[in-house]
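The next block holds one structure in the form of structure tokens; read it before the comments.
Whatever order the structure lists ligands and atoms in, that order sets their numbers, starting from 1. The chain is numbered in sequence order, starting from 1. Keep in mind that what you see is a predicted model, and the values were worked out from it rather than measured.
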Amino acid sequence: MTRTVYLNGAYLPENEAKVSIFDRGFLFADGVYEVTSVLNGKLVDFDGHAKRLDRSLSELEMKTPISTEDLLKVHRQLVERNGIVDGLIYLQITRGAPDDRDFAFPPAETEPTIVLFTQNKPGLADAPQARTGIKVISVEDLRWGRRDIKTVQLLYPSLGKMAAKKAGCDDAWMVEDGVVTEGTSNNAYIVTKQGTIVTRQLSNDILHGITRAAVLRFAREAQMKVEERPFTIAEAQDAAEAFITSASAFVMPVVEIDGTPVGEGAVGPIATRLREIYLEEMHKAAV
Ligand code: PDD
């Protein structure tokens, strides 16, 4: 089926949406993005994603081409026009297309490029992997130093994902100075044998996950103990449980790290409970 996508104010069939070869996103990865999930035709944590988008844009001194109110309308239109029940909405904004390649930013009047498209994922919340868990490998974190900005520079995460696939695993956790930063496209957590949820504290070293914020809030509300601090791969391998969070995976258990089973090597109760709470609360709050 041909999707209807959004490009610079117009709704178009996907094969008619064209972007210039001089677009800064194409030439310099000079763009930011967001991925928002759709459950039952409604948007999950739209406000969180819209706020982070504004922050990413302002950190890069990029113009905001659309108000949050209009952005919500575009998201809803795309859900409706593409008949999405469960899936994802991808949004990308770049610094636009000047008339030539130049490292310096283009003139202020250059309009940003804004693109949104849907990804249909029937049964997104019932992913079979949530029952089996995923396996991860560790790789060195070789990304740039502003991982708090959600830029489209995703080559290194893509290489990490491929290294995992080659090793027969599902994803990679990135390690810097001996401690885990995050997964290739998700935040990383362990649960200690005492039942404490541990995840790296917010800084420029990781993306400030929208799912992370919600999951930690729900965990604290459920009287679970949370510690925001770095952890090593060895500590993770010795933990009771491990899991990841993201807008597309929600809460996903990790059962093996670098070939070593975590805990019993099976999906654990805390990750399972957090996934249930997250999905339940988000179903209620979706807009
Ligand atoms: N990735 N860390 C990184 C490096 C990410 O790319 C993502 C999201 C997250 C989780 O953030 P959130 O909970 O807001 O989705 C953490 C998206 C899903 C992607 O690139 O497809």
Once the angle between the rings of F46 and H75 is folded into 0 to 90°, is it parallel (under 30°), tilted (30 to 60°) or perpendicular (over 60°)?
-> perpendicular
Identify, for atom 13 (O) of ligand 1, the protein heavy atom at the shortest distance, and state residue, atom and that distance.
-> T211 OG1, 2.6 Å
In the protein, what heavy atom is nearest to atom 18 (C) of ligand 1, and what distance, to one decimal place, separates them?
->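 Here the closest protein heavy atom is S248 OG, 3.9 Å.
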Roughly how far, to the nearest 0.5 Å, is [atom2] of [Y] from [atom1] of [X]?
| X | Y | atom1 | atom2 | answer |
| --- | --- | --- | --- | --- |
| T2 | E16 | OG1 | CD | 9.0 Å |
| T260 | I257 | OG1 | CD1 | 8.5 Å |
| F117 | R3 | CZ | CZ | 6.5 Å |

Can a non-hydrogen atom of R52 be found less than 4.0 Å from any atom of ligand 1?
-> yes
Does even one non-hydrogen atom of Y33 get within less than 4.0 Å of ligand 1?
-> yes
F231 and Y189 aromatic centres sub-6.0 Å | no
Should you measure from each heavy atom of [X], which atoms of ligand 1 turn up under 4.0 Å away?
| X | answer |
| --- | --- |
| N187 | 10 (C), 16 (C) |
| E182 | 2 (N), 3 (C), 4 (C), 16 (C) |
| A247 | 12 (P), 13 (O), 15 (O) |
| R143 | 4 (C) |

Which of the listed options, S37, G209, P157, S185, holds the heavy atom that is closest to atom 7 (C) of ligand 1?
-> S185
Among V35, I210, I244, D45, closest by heavy atom to atom 14 (O) of ligand 1 is I210
Would you kindly specify which portion of T184 sits under 4.0 Å from ligand 1, judged on non-hydrogen atoms: side chain, backbone, both or neither?
->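 The answer is the backbone of T184.
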Heavy-atom contacts under 4.0 Å between K150 and ligand 1: side chain, backbone, both, or neither?
-> side chain
R146: what forms a side-chain hydrogen bond (donor to acceptor under 3.5 Å, both in side chains) with it, not counting sequence neighbours?
->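 side-chain hydrogen bond (donor to acceptor under 3.5 Å, both in side chains) check on R146 returns E59, D148.
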Residue pairs involving residues 239-255 (criterion salt bridge (Lys or Arg N to Asp or Glu O under 4.0 Å); sequence neighbours excluded) |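 Every candidate salt bridge (Lys or Arg N to Asp or Glu O under 4.0 Å) pair involving residues 239-255 fails, so no pair, neighbours aside, qualifies.
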Assess the side chains of T181 and D205: does a donor N or O sit below 3.5 Å from an acceptor N or O?
->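 The answer is no; no qualifying pair exists.
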